[in-house]
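A, B, ... follow the sequence lines: proteins, then strands. Residue 1 opens every chain.
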There are 2 protein chains.
Amino acid sequence: MQEIAAAAGVSRTTLHRAFGDRATLVERVSEHVLAECSRLFDEAGIDEAPVMAAFDRLIEMPLPLAKAYALLLAEPGAYRIARLVEEIRTQDDRFERFFARGQADGIFRPELPPRWLVYSFGAQLTALWWAVDDGFVGTRDATRLLRATVLTGIATDAAAAPDPGSEGKP
Amino acid sequence: MQEIAAAAGVSRTTLHRAFGDRATLVERVSEHVLAECSRLFDEAGIDEAPVMAAFDRLIEMPLPLAKAYALLLAEPGAYRIARLVEEIRTQDDRFERFFARGQADGIFRPELPPRWLVYSFGAQLTALWWAVDDGFVGTRDATRLLRATVLTGIATDAAAAPDPGSEGKP
DNA sequence: TGGGGGTGGGACAGATTTGTTTCAGATGGT
DNA sequence: ACCATCTGAAACAAATCTGTCCCACCCCCA
């Protein structure tokens with residue numbers, strides 16, 4: 001509480017006046033993050049817009065939201081609030097349907113479980129915020145790097161298709 | 001402490017006798033995790049073995065270590081121990097050199113900063129543990145999914161190369 | 001000049017955590 | 001049976017955290 005108040009630039013007293021209990025504080029913050037996330041999904045049109053276009057809008061998500069979402073998932077107290085757990089599950093399911101739709105449309109590889117894509121994408125989004133925060137990635141490069149890594153991976157085309165079996169050996 | 005002791009199946013007293021202070025406990029555990037990680041890097045031969053072979057050995061890393069490493073990075077107290085921070089930096093640099101070597105050998109895309117590859121790979125490794133833990137990914141599929149997602153991404157070959165410009169439109 | 005309304009500092013009791021000590025019981029080797 | 005060693009339960013003081021007061025202060029508006 002002391003640290004939170006200090007980070008927010010207010011006193012512990014004010015923090016308490018604004019949110020009351022500690023439990024209600026995490027609840028309010030979590031609700032806000034989830035709602036913001038849902039709003040971004042809406043704006044990107046992940047339910048109905050063309051998959052690749054929605055994907056491109058999605059990866060421009062503001063990084064601070066990714067940070068907040070990661071911190072929310074890292075907060076153990078959040079999992080004790082049934083409504084929040086339910087909401088997180090709902091969002092995951094929604095995101096999973098997006099990837100499944102992409103697979104049906106031939107955009108995403110069908111052999112990868114859509115649920116795994118949710119995890120993988122989310123993890124890389126968090127990693128991107130972290131890398132930017134640590135100063136290793138510029139804000140300008142962020143979207144490009146995320147798009148490249150998520151969509152086409154890190155291997156070169158030559159290395160990714162070793163079936164022809166004619167490269168790499170001296 | 002109470003929870004840690006319970007999770008370890010011992011009493012709080014024994015935990016204290018074994019590690020003394022709480023600070024020294026996190027320090028000892030962190031040291032162990034870092035050392036284990038370094039040992040796995042050695043075994044995989046990330047400094048000198050052929051890049052793709054080392055990569056394939058690396059992605060078979062035991063998931064519990066990824067879990068422990070993620071928890072270590074999530075522990076705020078760890079960053080107050082200068083030696084640990086230094087060690088983490090050393091490991092990151094070593095891993096970054098691995099990716100740079102892969103780029104020099106034509107295995108990894110040269111346009112992605114090696115440091116970002118460290119972040120992206122680490123994030124997906126953590127995500128994989130999480131997905132397995134949540135029951136969405138079987139232990140048997142784990143390595144395959146990680147390899148596919150990291151190396152070649154999630155897009156189909158058709159969607160990944162939209163330059164020819166002849167697919168996806170009805 | 002005189003209030004509202006919001007804010008911070010300080011103080012407070014209650015709860016929780018932490019580190020330590022003591023003692024009783026279990027284990028295992030000789 | 002005996003001793004060494006380890007463990008857990010309980011109790012304890014010290015420290016920290018939490019939630020709530022109260023009061024002084026500041027700022028803005030009338």
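Across the interface with DNA chain D, nearest-nucleotide mapping of Thr13(A) and Ser11(B) shows Ser11(B) to be the residue nearer the 5′ end. Comparing Arg12(A) and Arg12(B) along DNA chain C, the residue whose closest nucleotide (by nearest heavy atom) sits nearer the 5' end is Arg12(A).
Within residues 14-30 of chain A, the residues that have a heavy atom under 4.0 Å from DNA chain D are, in order of number, His16(A), Asp21(A), Arg22(A).
A side chain to side chain contact (heavy atoms under 4.5 Å, CB included) with Leu125(B) is found for exactly one of Val150(B), Leu65(B), Leu63(B), Ile59(B), namely Leu63(B).
Sequence neighbours left out, the pairs with a member in residues 47-57 of chain A that pass salt bridge (Lys or Arg N to Asp or Glu O under 4.0 Å) are Asp47(A)-Arg94(A), Asp56(A)-Arg147(A). Pairs of residues two or more places apart, or lying in two chains, never qualify as ring pair (Phe, Tyr, Trp, His ring centres under 6.0 Å) while including a residue from residues 7-35 of chain B.
Under a 3.5 Å cut-off, the side chain of Gln91(A) and the backbone N or O of Leu34(A) do form a donor-acceptor pair.
Within the 4.5 Å cutoff, no side-chain heavy atoms of Phe98(A) are placed close to those of Asp93(A).
Heavy-atom contacts of chain A under 4.0 Å fall on DNA chain C between two terminal nucleotides, which in 5' to 3' order are dT7(C) to dA11(C).
In this structure, Asp134(B) does not pair ionically with Arg115(A), as no charged nitrogen and carboxylate oxygen lie closer than 4.0 Å.
Among residues two or more places apart in sequence or in another chain, the ring-ring contact (aromatic ring centres under 6.0 Å, His included) test is passed with Phe99(A) by Phe95(A), Phe108(A). Every residue meeting the salt bridge (charged side-chain N to carboxylate O under 4.0 Å, His left out) condition with Arg39(B), not counting sequence neighbours, appears here in chain and number order: Glu36(B), Glu43(B).
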